[in-house]
Amino acid sequence: MEKKWWHQSVVYQVYPRSFYDSNGDGIGDIQGIISKLDYLQKLGIDVIWLSPVYDSPMDDNGYDISNYQDIAKEFGTLEDIEQLIKEAKDRGIKIIMDLVVNHTSDEHAWFIEAKKSKDNPYRDYYIWRKPNEGGNPPSDLESIFSGSAWELDDVSGEYYLHLFSKKQPDLNWENDKVVKEVFDMMNWWLDKGIGGFRMDVIDLIGKEIDKNIISNGPKLHPLLQSMNKATFGDRDVLTVGETWGATVDTAKLYSDPTRQEVSMIFQFEHITMCWDDEHGKWRPKPFDLIKLKEIFNKWQTGLGDQGWNSLFWNNHDLPRTVSKYGDDKNYRIESAKMLGTTLHMMRGTPYIFQGEEIGMTNVPFESIDCYRDIETLNFYRDKIAEGFTHEEMMVGLWANSRDNARTPMHWNESHQAGFTTGTPWINVNPNYTDINVEAALADENSVFYHYQKLIQLRKEMPVVVYGDFELLAPKDKQIFAYTRTLDDSKLLVVSNFSAKKTSFTYDKPVESCKTLLSNYSSTYDLKQPLALAPYESAIIQIG
Ligand code: GLC
Ligand code: CA
């Protein structure tokens with residue numbers, strides 16, 4: 001397969017609102033990110049994925065954009081973003097922007113025009129339908145943020161579609177004018193020297209509402225091919241599509257290089273495996289390691305040369321991995337490192353979400369009043385109305401509210417974790433006095449230096465980037481073990497996913513072996529069974 005720079009890159013996601021506040025208004029901002037670039041360079045990452053910083057009324061923290069070609073005042077200015085692109089570049093880091101084009105804000109000029117009348121030139125930029133016979137919404141389609149996906153517009157008596165909040169009307173991708181506006185806007189950003197795009201819920205843009213086709217419709221891939229052609233196709237950038245429903249087969253449609261769509265996608269099977277069939281993430285299921293291994297094995301072996309994996313545990317929509325798949329009470333540091341090792345040694349491009357590299361945890365907010373996320377607040381209200389108790393709902397929130405990832409980054413042990421000199425827009429996690437960047441940098445055994453080492457190994461060893469993946473011991477209930485092989489180079493990665501000791505036997509002949517990394521500072525001899533302590537994890541080179 002043709003080699004690409006992003007095959008060996010590691011991406012770091014910044015959620016600007018919660019990263020670093022440079023002016024004391026309680027909201028992270030672009031100057032805040034610039035001031036932390038040296039820190040990110042020290043970690044060793046190659047790319048920053050910036051969650052949206054565009055003009056927005058912030059109904060969904062910026063995923064509701066009112067102007068794609070301007071920056072929200074609370075985050076800074078266009079000059080600030082240009083400075084960020086340049087200063088990042090000086091440190092060998094590219095910036096990829098979040099492309100949120102399934103919908104705009106209802107405060108976008110296009111929607112303001114569209115609402116004015118049925119014959120407004122912008123009317124058809126959005127998706128409007130007449131009420132059904134009883135005067136009710138045109139269909140019973142539900143919003144991903146709860147409630148009907150249709151909102152009545154009093155002026156025209158028609159409904160508009162919003163798959164997310166009612167302040168996020170869906171764009172009509174069947175309208176060529178919309179397509180052209182979006183492509184022009186993408187080129188405008190590309191001309192600023194960005195390194196690519198992360199494409200928000202991109203699998204929804206091929207929807208055909210009257211045929212009941214929402215995600216993954218037949219129009220999707222032709223649209224992505226024309227987007228590629230009209231915008232980034234001849235530029236050497238990284239593009240990653242967010243596709244909740246992707247399967248290995250559909251992933252090939254997106255990321256097979258010969259099809260010229262996107263570099264890779266985010267698939268979510270390793271996340272949604274812990275969700276309940278009926279109540280989704282609000283009623284989490286117990287963790288099942290065998291299932292997790294099956295899923296990764298399928299993706300690692302399935303794409304082959306017809307695509308490329310992205311690798312992630314966390315993002316701004318998901319709980320903190322150390323709280324979900326690790327043990328954030330008794331083995332926080334060990335399990336955070338173990339999870340990092342397990343993921344980073346796979347084939348694909350790893351993504352780190354801010355704070356993951358110091359082992360930040362979920363937040364134990366006691367009151368619903370502490371939450372800020374629109375999805376969390378909507379579902380809390382609606383599930384309680386359905387009969388959930390407050391206590392039951394809080395169990396769901398502690399496990400899976402998006403705010404778990406959105407509390408401010410912990411920089412040091414001072415006031416508000418060093419995030420702001422003012423009052424943060426959302427409370428800091430009270431455990432910041434133990435878990436923070438300053439403490440991590442001062443401790444050579446910290447999660448930070450473990451991640452730094454994982455990133456270095458990817459840079460130094462082609463086997464980490466291109467090696468074949470083979471899962472070992474698929475039915476073992478505690479151990480996740482696999483090998484990576486490229487020509488005569490071989491790595492064994494073995495992780496204990498439990499708080500109980502266990503052992504692992506590598507049953508193939510071994511001439512020599514060398515320990516590359518261990519979260520217990522151990523060295524291993526593969527000629528003996530390996531004794532593994534709670535959450536112990538190792539990378540061993542096999543000769
Ligand atoms: C994506 C984003 C999420 C946002 C939604 C609507 O899933 O990651 O944060 O709420 O799209 O834009
Ligand atoms: Ca600020």
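Note that ligands are numbered from 1 as they come in the structure, with each ligand's atoms numbered from 1 the same way.
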Legend entry - Electrostatic pair Glu107-Lys167, nearest N-O below 4.0 angstrom: yes
Legend entry - Non-hydrogen atom of Glu375 closer than 4.0 Å to ligand 1: no
Legend entry - Pairing of Glu278 and Arg283 as salt bridge, 4.0 angstrom limit: no
Legend entry - Salt bridge present between Asp276 and Lys281 (N-O < 4.0 angstrom): no
Legend entry - Test log, rule ring pair (Phe, Tyr, Trp, His ring centres under 6.0 Å), inputs Trp49 and Phe312: CA-CA 13 Å; Trp49 151 24; Phe312 67 97; 8.6 Å; no
Legend entry - Interfacing atoms of ligand 1 (cut-off 4.0 Å, heavy-atom, His103): 6 (C), 12 (O)
Legend entry - Heavy atom of the protein closest to atom 9 (O) of ligand 1 (residue, atom name, distance): Asp317 OD1, 2.7 Å
Inset, instruction - Among all protein heavy atoms, pick the one closest to atom 5 (C) of ligand 1 and tell me residue, atom and distance. - result: Phe164 CE2, 3.7 Å
Inset, instruction - For the Ca ion (ligand 2), decide whether Gln31 has an N, O or S atom at a distance under 3.0 Å. - result: no
Inset, instruction - For the Ca ion (ligand 2), find the closest N/O/S atom belonging to Asp25 and write down its atom name. - result: OD1
Legend entry - Of all N/O/S atoms in Asp29, the name of the one nearest the Ca ion (ligand 2): OD2
Inset, instruction - Could you tell me whether Lys86 atom NZ has more than 12 heavy atoms of other residues or ligands within 6.0 Å of it? - result: no
Legend entry - Distance from atom 1 (C) of ligand 1 to nearest protein heavy atom, with residue and atom: Asp200 OD1, 2.8 Å
Inset, instruction - Give a yes or no on whether a salt bridge exists between Lys207 and Asp170, defined as a side-chain N under 4.0 angstrom from a carboxylate O. - result: yes
Inset, instruction - State the atoms of ligand 1, each with its element, that fall below the 4.0 Å cut-off from a heavy-atom position in Arg402. - result: 3 (C), 4 (C), 9 (O), 10 (O)
Legend entry - For Val201, the ligand 1 atoms whose distance to one of its heavy atoms is below 4.0 Å: 1 (C), 7 (O), 11 (O)
Inset, instruction - Using a strict cut-off of 4.0 Å, indicate which atoms of ligand 1 neighbour a heavy atom of Arg406. - result: 9 (O)
Legend entry - For Arg198, atoms of ligand 1 separated by under 4.0 Å from a heavy atom: 2 (C), 8 (O)
Inset, instruction - Could you check atom 7 (O) of ligand 1 against the protein and tell me its nearest heavy-atom contact, residue, atom and distance included? - result: Glu242 OE2, 2.8 Å
Legend entry - Nearest to the Ca ion (ligand 2) - the N/O/S atom of Asp21, by atom name: OD1
Inset, instruction - Go through the steps for Gln267 and Trp244 under the test side chain to side chain donor-acceptor pair (under 3.5 Å), then give the verdict. - result: CA-CA 6 Å; Gln267 64 81 19; Trp244 280 82; over 6 Å; no
Inset, instruction - Specify the closest pair of heavy atoms between Leu318 and Phe268, including all atoms of both residues, with the distance to one decimal. - result: CD1-CE2, 4.5 Å
Inset, instruction - Please write down residue, atom name and distance for the protein heavy atom closest to atom 4 (C) of ligand 1. - result: Asp60 OD2, 3.3 Å
Legend entry - Pair Tyr126 and His103, ring centroids less than 6.0 Å apart: no
Inset, instruction - Compute the minimum heavy-atom distance from Met199 to ligand 1 and say whether it is under 4.0 Å. - result: no
Inset, instruction - Please determine if Lys180 and Asp176 form a salt bridge, counting it only when a charged side-chain N lies under 4.0 Å from a carboxylate O. - result: no
Legend entry - Short side-chain donor-acceptor distance under 3.5 Å, Gln168 and Asp60: yes
Legend entry - Atoms of ligand 1, numbered as shown, that sit under 4.0 Å from any heavy atom of Phe145: 10 (O)
Legend entry - Any N, O or S atom of Phe75 closer than 3.0 Å to the Ca ion (ligand 2): no
